[in-house]
Protein chains: 2
Amino acid sequence: MERLTKQRSVILEELKKVKTHPTASELYLAVRRRIPNISLGTVYRNLEILGEEGLIMKIGCDTFNRFDGETKAHQHFFCRNCQKVYDVEENIELKFNQKIFEEKTGHKIQDFNVGVYGICKDCRR
Amino acid sequence: MERLTKQRSVILEELKKVKTHPTASELYLAVRRRIPNISLGTVYRNLEILGEEGLIMKIGCDTFNRFDGETKAHQHFFCRNCQKVYDVEENIELKFNQKIFEEKTGHKIQDFNVGVYGICKDCRR
DNA sequence: TTTGATGCAAAGTATTTGCAATCGG
DNA sequence: CCGATTGCAAATACTTTGCATCAAA
């Protein structure tokens with residue numbers, strides 16, 4: 001059974017606190033202000049476990065992963081210039097016949113993920 | 001100006017030939033049957049260039065990238081079990097007010113990407 | 001007490017890059 | 001010719017893992 005260690009709870013708290021979708025390293029820096037001798041490996045291990053528990057969300061980006069403390073279904077906007085990730089507050093509906101796809105292909109759909117790509121407000125101009 | 005080397009054209013040909021969305025390494029193996037002494041670095045370099053030219057498409061997966069020789073807009077199904085990627089032939093429409101989002105956030109949308117996640121036919125059972 | 005979790009460092013994996021040699025236009 | 005491209009190997013970047021020790025329940 002999983003244990004609630006100081007490390008794990010601080011990692012979760014720090015992630016829930018921000019809306020910046022930090023990378024593992026960025027989160028490591030934040031957590032280190034509260035647990036100076038924590039190791040990067042521990043951050044990775046816990047992000048993995050917290051993700052499996054559904055307490056956080058892993059966002060696959062091009063070069064590395066980012067993490068999101070908000071687990072309600074929502075989509076992301078990815079800036080092609082600075083690589084930052086923003087939340088899309090609006091609901092995005094899909095018009096797609098899941099049943100027909102599943103019958104035709106034999107694949108079982110679990111969920112969808114919409115990525116919105118472009119240039120963020122800071123990078124325009 | 002870009003040059004049409006043997007390496008570049010064979011890489012493009014081999015990628016166009018398959019529907020399996022190979023990784024750089026997988027494509028390297030295929031290309032090596034025609035150019036035995038080609039190096040993996042050359043494959044990476046050319047995939048990058050071909051992508052910029054819009055001749056192929058880079059698909060960001062969790063741990064590594066895959067590449068697609070089909071550049072017509074289409075979506076992908078990602079198997080969570082075996083990590084294979086399949087084409088979604090059906091059109092997926094989005095109900096989303098792009099203009100309102102752009103005005104509200106200041107971000108400029110270039111395009112959308114829908115990922116369909118689940119378990120593929122081979123992995124079910 | 002017991003076993004999952006930690007810190008550390010080393011290893012792994014995917015990708016990029018420096019450089020001298022080569023080749024396409 | 002001349003500069004883009006190559007093969008090679010070394011270097012990066014991100015992430016995972018082995019292991020002895022520690023600590024939560």
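The chains referred to below are lettered A, B, ... by the order of the sequence lines, with proteins before strands, and numbering in each begins at 1. FYI, side chains are in, hydrogens and waters are out, and symmetry mates aren't considered; it's all heavy atoms of this structure. Predicted model only: the values in this text are computed from it and were never measured.
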Tell me: [atom1] of [X] to [atom2] of [N], nearest whole Å?
X      : N       : atom1 : atom2 : answer
R66(A) : dT15(D) : CZ    : P     : 10 Å
L40(B) : dG7(D)  : CG    : P     : 11 Å
I49(B) : dT6(D)  : CD1   : C1'   : 11 Å
I35(A) : dA23(D) : CD1   : P     : 13 Å

Practice problem: Scan Y44(A) against the nucleic acid and name what it touches under 4.0 Å (heavy atoms): base, sugar-phosphate only, or nothing. | Solution: base
Practice problem: Looking at every strand, decide which applies to R45(A) at a 4.0 Å heavy-atom threshold: base, sugar-phosphate, or nothing. | Solution: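 Since a base atom lies under 4.0 Å of R45(A), the category is base.
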Practice problem: Please determine if R34(B) and E13(B) form a salt bridge, counting it only when a charged side-chain N lies under 4.0 Å from a carboxylate O. | Solution: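 Yes, charged N to carboxylate O under 4.0 Å.
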Exercise. First locate atom CG of L12(B), then atom CG of L50(B), and finally report the distance between them rounded to the nearest 0.5 Å.
Key: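 Between atom CG of L12(B) and atom CG of L50(B) there are 5.5 Å.
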Practice problem: Could you label the plane-to-plane angle of the Y117(A) and F78(A) rings as parallel, tilted or perpendicular, counting under 30° as parallel and over 60° as perpendicular? | Solution: parallel
Quiz item: When the nearest nucleotide of DNA chain C is assigned to R8(A) and to E48(B) on a heavy-atom basis, which residue is associated with the more 5' position?
Solution: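 Checking each residue's closest nucleotide, the 5'-ward one belongs to R8(A).
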Practice problem: Let me know, please, whether L4(B) or T42(B) comes out on the 5' side of the other along DNA chain C by nearest nucleotide. | Solution: T42(B)
Self-check item: Boundaries of the DNA chain C segment in contact with chain B, non-hydrogen, under 4.0 Å
Solution: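 Extent of the interface on DNA chain C: dA14(C) to dG25(C).
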Would you say [X] places a side-chain N or O within less than 4.0 Å of OP1 or OP2 belonging to [N]?
X      : N       : result
T5(B)  : dT6(D)  : yes
N65(A) : dT15(D) : yes
Q7(B)  : dG7(D)  : yes

Self-check item: salt bridge (Lys or Arg N to Asp or Glu O under 4.0 Å) against K6(A), all qualifying residues, sequence neighbours excluded
Solution: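 K6(A): no salt bridge (Lys or Arg N to Asp or Glu O under 4.0 Å) contacts found.
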Practice problem: For F67(A) and for E2(B), locate the closest nucleotide of DNA chain D by heavy-atom distance; then report the residue assigned to the nucleotide nearer the 5' terminus. | Solution: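 Taking each residue's closest nucleotide, the earlier one in sequence belongs to E2(B).
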Quiz prompt | Polar side-chain atom of K16(B) near backbone of G69(B) as donor-acceptor pair, under 3.5 Å | solution = yes
Self-check item: Test of ring centre spacing under 6.0 Å for H107(B) and Y86(A)
Solution: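 Judged by ring-centre distance (under 6.0 Å), H107(B) and Y86(A) do meet the cut-off.
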Quiz item: Between F101(B) and F96(B), is the ring centre distance below 6.0 Å?
Solution: yes
